Every structure is written in C-alpha cells, then in structure tokens.
Amino acid sequence: MSHMFVPGPVDVAPEVLAAQAKPMLPHRSKEFEEIFRRTEAKAKQLFFTEGIVFQFSGSGSALQEAGIRNFVQESVLACVNGAFSQRWSEVAATNGKKVDLLEVEWGQAISPDVLADALKQKHYEAVTIVHNETSTGVMNPIKELAAVVHEVSPDTLILVDAVSSLGGARIEMDAWGLDWLLTSSQKCLALPPGLALASPSERAMKKAETVENRGWYLDVLRMNKHRMKDSTPATPVMPLIYALDVQLDRILAEGLDNRFARHQQMAECVNDWAEAHGMTNFAAKGCRSHTVVTINNERGINISELNKFLLQRGMRISNGYGKLKEKTFRIATMGETTMQDVDALLTAMDEYLAK
Ligand SMILES: *Cc1c(COP(=O)(O)O)cnc(C)c1O
C-alpha cells in the first residue's frame, strides 16, 4: 500500500478497492436495493442521525450546490475562512443567490460571537460553514456555531460541508441541529472519489418544498421519493456503493471514537514534529484540524524535491492550497493512515532535512 499523506484522494484498503469489481446488477433490482438500504443504515451512524442520508453520484462540490439550490430561495450568509468555504460562496453566487460574506482571516476559525453579530444585523435563510477547512487546517467549532444560529436566528438553516472531516471527527447532525451535512467519499471515508453523502434535517426538507427552481439532478425531494424505494432518480455509481458497503463495516468495526482519536493523535504528532523543527502550524491554536495539518514552511523546504525523495519510499505529502501553495505544506492524517505510517513519514522527512 502506498502512503498518500495528501488531503484526498487518500489510500483505499485493498479489499475496498476489490469490492468495486463485483458484477453489476440492474440498479432497480431487489439485490441492489438491499445493498443501497443497508449502506444508508450504516452511514447514519457516521452522521449521528436517525434521519435521511442521501447517497449521491458526484463529488462533494455537487452537494454544496445541492444545499444552495434546495434550501435557499434568495439570501445566504457564507462564512469564509479558506478556499473551500470561498468556493461555496461562489457556488451560491453562480446559482443566482444573494450572498453576503462573513470573512475571517485564513488560519483563524469562525467565531460564534462574530457569527451572532452578523445574524443580528440581517436575516438570512441559511448560513454556509465548512467544518474542516482543508486549505488551512482549521476546524471550525460547528457545535458552538450551530448553537448561536439557533439562538439568534432560529429559522436560519445551517448548511455544513464536512468533506474532509466526516467519519474522521465527531459531528452530530441531530444533536447539534444541523440542516444539511455533506461529505465526499475520497477523504475521511477512504473510498475512491465519485460518491457524496449528505443528510438533510426535517425542516430543511420542508423548506425545499417552498424553494423554486431546485433543478432536477440535485433536487432533494426527487431524491427522497426514490430513496423511499431504496433507489435514486438516475443511475447510481454502483461500484462505489459496493465499496461503501465494505468500508462502512470496516469503519464501524474500528469504532468511531477510536477512529476519531487515531486521527487526532496523528495530527498532534505531526504538529509536534513541525514545532520541534522550527516551524509553526498555520492554523491558530484551539482550532487545529484533526485530519490535516497545515505547516508554515518557515525552513523554505522545496516541497517538490521533498516529494521526489518521499516517493522513492512510496510516500507523498501535499503543498499548500491556492494562495498558500508556496508558503505552507500539508500533511493529512485521515482515512486509514496509522501512527506507524506517520512515524515512517516523519523519519523519512528527518532524513531528507539532514541531507
Ligand atoms: C475536497 C473538498 C471539497 C471538494 O470536494 P470534491 O469532492 O472534490 O468536490 C469541498 N470542501 C472541502 C472542505 C474539501 O476538503
């Protein structure tokens, strides 16, 4: 197994890869419907929900768009503290919605007080928040942010992108009162790309009934009508559903809390390594991601040279994202990565730096 310490796509376990090679079935067959039903039942545990989990053919960005098209008629507040939250604001704008930005410096979290102030000034149908900003390595305090939305503006829907954290850190859909929680397959779920999962709240589904021009492919009401028959409006990405079935068993066998703790320990270990080598974490203290560490490249390491060195050992890390490309590098600690893998990586990096 190669070791990709990049924030998606991540390594996929051989048996999960192999599950994709099972023979196809007619998607409207009892056999496939049974698989589809049980993958949803298992996925609900990852979302901490008793409600719906949609299994959608497409990547996570499609479900950012679905959140906008289904739950926002006119106005949305986009919390922006990195490249993926910026993307979500652009998704809203390009779908013709009025978007106000609540911008916070990259590397900082969205603060509940600042969000409360913004909601007191103006009413919004929804607010978009990225739980784990993969570009900066910041994990936003979703539980606290959701609590202030409920308090200050109770009818505002809370749309959350957890593409690089769901299944890797605790996010409780029902208990925290989230309204749309979405993720993709190729990050913490350690599946190949092309499948996206999302859970809507009951009130979000009610809201969708009032929103015009939800479109066809991303319409949650149409999706739900088919879901009730263990199916989808269009042909689902069946190989990935087969893989999801196997991978969810593996994730649940590890135990969610064990999985969350494993990621957090690895992230702390990477952070400590960086500090011991005279570099700092780009993310502010108190809001550091458990699934990806963004390190200020204060030693001016040539990341592409480093990666050439690491690749000879079957490993690779990631440079910074977008405007941070040259200034930072990123080490992901998500998916199936173990502490042993991290030790091997950091040992190799030590070797490179000692050269
Ligand atoms: C990777 C990522 C996305 C984009 O997901 P795709 O599956 O590539 O569409 C969106 N948001 C976050 C936080 C991400 O890390």
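Ligands are counted one by one from 1 in listed order, and the atoms in each one are counted from 1 as well. Remember, it's a predicted structure, so these values are computed and weren't measured experimentally.
Classification of E336 and R259 as a salt-bridged pair holds, one side-chain N sitting under 4.0 Å from a carboxylate O.
Geometric assessment of R28 against the ring of F32 yields a negative cation-pi assignment under the 6.0 Å and 45° thresholds.
Taking the side-chain contact (heavy atoms from CB on, under 4.5 Å) definition, one finds that T280 meets it with N296, E298, sequence neighbours left out. Scored by the side-chain hydrogen bond (donor to acceptor under 3.5 Å, both in side chains) test, D249 finds K42 as partners (sequence neighbours excluded). With sequence neighbours left out, the ring pair (Phe, Tyr, Trp, His ring centres under 6.0 Å) criterion links W273 to H277.
Residues lining ligand 1 at a heavy-atom distance below 4.0 Å are given as S59, G60, S61, F84, R87, V130, N132, T134, D161, V163, S164, S184, Q186, K187, ordered by chain and residue number.
The aromatic rings of F84 and Y321 sit tilted, their planes meeting at an angle between 30° and 60°.
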